[in-house]
Amino acid sequence: MKTQTVAEYTLTRLSQLGIDRIFGVPGDYAFAINDAAENVPGLEWVVCANELNASYAADGYARVRGAALLTTTYGVGELSAINGVMGSLAHRVPVFHLVGMPSERIQIQNLITHHNIGDTNYNRFIPISSAAACVSAVLTPTNCVEELERVIREALRQSKPAYIVISELAGYSPMVGTPVTGKPLAEIKRQTSVPEELENAIGSILARLEKAKNPAAIVTALTARYGLRAQVHELLGKINLPAAIAPAEKGSIDESVPQFIGLYNGNFSAPASVQQVIESADVLLDIGGIVLAELNAGLFTDNLDPERMISIRDNHVQIGTKVFVNTAIDDVLAGLLAKVKTRTQPVVSEKVDLLPLVGSGDDKLSSPSFYPRLQRCLKSGDTLLVETGTCMMHLNPMVLPEGVGAEGQGLWGSLGWGTASTLGVCLAKKSGRTFMVTGDGAHQLTLNEIGVMGRYGIKPVIFVINNDIYGVEDYFSQRGHVYDDLAKLNYHLLPEAFGCKGWLSAKVGTVAELEDVLTKIEKHDGAAYIQVLIPESESQPLPAEVIDHDYKLKVPPVG
Ligand SMILES: Cc1ncc(C[n+]2csc(CCOP(=O)(O)OP(=O)(O)O)c2C)c(N)n1
Ligand SMILES: [Mg+2]
């Protein structure tokens with residue numbers, strides 16, 4: 001058999017994780033990678049509209065499949081992708097970012113090349129791109145076998161992106177050494193425990209739970225990143241304690257399980273009673289390790305007593321001031337499942353219900369009339385993507401029906417992620433539909449990915465919330481700034497302009513129009529793209545004291 005090139009070997013090895021698509025934009029320094037992506041069996045190119053979109057799409061794909069491939073070219077390409085890869089780092093999504101660079105023959109002769117700034121510092125971009133990764137490597141024919149194993153192990157262990165540079169020359173050179181054949185992601189043990197620490201951690205958690213009178217749980221997205229959704233559900237069922245999610249963790253658990261009580265978000269919890277259940281719990285099991293960023297903590301109105309918290313993170317457990325290290329999250333959950341006593345006390349909570357249907361007929365659409373109707377469209381197997389903007393304030397508290405997943409970017413919050421990540425989620429999902437809700441401003445950042453969606457024949461259901469402004473900014477600033485006004489686009493015409501075939505496209509401004517189009521979507525075997533007119537006046541500033549508390553700009557009171 002012909003020896004594979006370094007680029008072919010790299011892509012073959014990475015695809016063995018269960019990755020069948022590579023997102024990116026080609027470029028001359030990356031041709032070896034680009035060609036390999038075309039030739040490696042089982043791998044398909046997804047040529048995106050730009051590198052930022054490609055990075056968001058890879059992020060979306062990895063959230064479903066567990067890992068993704070992204071390729072960009074030297075300098076101009078990789079720098080454009082950094083925002084998206086940094087979002088993957090924040091949300092603990094393993095994206096392998098492969099970049100081509102000028103060949104060693106150019107480097108050794110000190111030749112000046114394009115995509116640099118007119119000097120011969122070829123390594124300028126390596127630290128910049130590496131900053132968005134937990135591990136990086138420059139692959140050569142002689143180090144690629146070893147280095148690739150290190151990079152894969154570390155990216156999966158930490159569940160974070162990896163940055164891999166392959167020069168054009170190295171990429172086309174035959175690899176040296178014995179190729180490794182890897183296992184699919186689901187079969188890989190990602191974290192390893194030190195048995196004594198693990199045993200002590202599990203013992204301490206059990207002791208705390210045994211004494212607890214009113215325990216509760218918060219589940220975070222990290223559990224899903226490590227493929228532990230099923231174990232979390234099993235554990236919740238066994239301990240039978242009220243469980244909430246925070247905004248950035250939307251989709252971490254099935255919201256139809258009897259233990260689910262709603263959204264914990266400090267003073268903005270929904271239903272409001274969730275705040276009391278979580279904050280007054282004598283033991284709070286924090287499964288995954290909540291990140292108390294302000295948007296995940298009710299604009300810093302959270303009140304979680306660290307003494308009463310048990311945080312199970314990817315490789316450590318913290319119980320008050322006790323810390324156990326090298327405790328793999330899967331081992332901790334398995335140990336708890338095996339040993340924890342089944343609790344039979346009923347979960348007492350306010351029933352979380354479907355949102356009430358508001359408005360009818362010719363009534364102008366509003367958020368209260370739109371979201372309940374969207375909620376009723378979602379079915380088991382569907383995924384809802386939540387873009388940053390006012391839509392997330394409606395979608396995060398909205399209870400999802402059984403079997404409906406959700407993804408959002410509630411920590412990194414980069415506008416435009418929703419539209420482009422839809423491409424990746426759709427291509428990664430093997431069944432079920434993908435719904436995406438975006439504001440018009442966010443959509444304008446990445447809407448050129450619609451053409452790519454049409455090209456690859458995916459069938460998302462997209463709602464563009466058209467209020468003609470960067471609405472959420474009005475929540476945090478005074479209304480009426482010129483910088484919050486948007487160019488007014490005929491969004492519903494875009495699928496056609498972008499060459500999408502068989503897309504159901506419409507503009508809806510009344511309840512009747514919305515209901516009509518939702519009925520059509522139900523019967524339509526194809527993508528749907530709906531421009532939803534929502535009045536600008538819905539965006540209103542938050543009370544001044546809430547904003548002051550959030551921004552912490554005011555001088556603190558004396559005493
Ligand atoms: C890349 C990026 N640029 C700017 C921002 C700041 N930002 C946060 S929300 C927002 C407005 C969102 O407006 P839109 O998408 O129209 O949603 P709306 O709130 O109007 O529903 C802006 C500009 C951001 N989060 N990300
Ligand atoms: Mg808007």
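Both ligands and their constituent atoms are indexed starting at 1 by order of listing.
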Per-residue contact class, Ile465 against ligand 1 - non-hydrogen pairs under 4.0 Å = neither
ask   = What is the closest protein heavy atom to atom 14 (P) of ligand 1, and at what distance does it sit?
value = Gly441 N, 3.5 Å
query = With ring centroids as reference points, do Tyr74 and His115 lie under 6.0 angstrom apart?
reply = no
key: the Mg ion (ligand 2) reached by Gly439 (N, O or S, under 2.8 Å)   = no
key: Nearest neighbour in protein (non-hydrogen) for atom 25 (N) of ligand 1   = Gly413 O, 2.8 Å
ask   = Can you tell me the protein heavy atom closest to atom 21 (O) of ligand 1 and the distance?
value = Thr390 OG1, 2.4 Å
message = Quick check: do Ile450 and Trp503 have side-chain heavy atoms less than 4.5 Å from each other?
response = yes
task = From the options Tyr61, Tyr56, Tyr456, select the one residue that forms a ring-ring contact (aromatic ring centres under 6.0 Å, His included) with Phe23.
result = Tyr61
query = Between CG of Asn467 and CD1 of Ile534, what distance do you get to the nearest 0.5 Å?
reply = 8.0 Å
message = Side chain, backbone, both or neither: which applies to Asn467 and ligand 1 if a contact is any heavy-atom pair less than 4.0 Å apart?
response = side chain
ask   = Which of parallel (below 30°), tilted (30 to 60°) and perpendicular (above 60°) describes His443 and Tyr529?
value = tilted
ask   = Within Ser539, is some N, O or S atom less than 2.8 Å away from the Mg ion (ligand 2)?
value = no
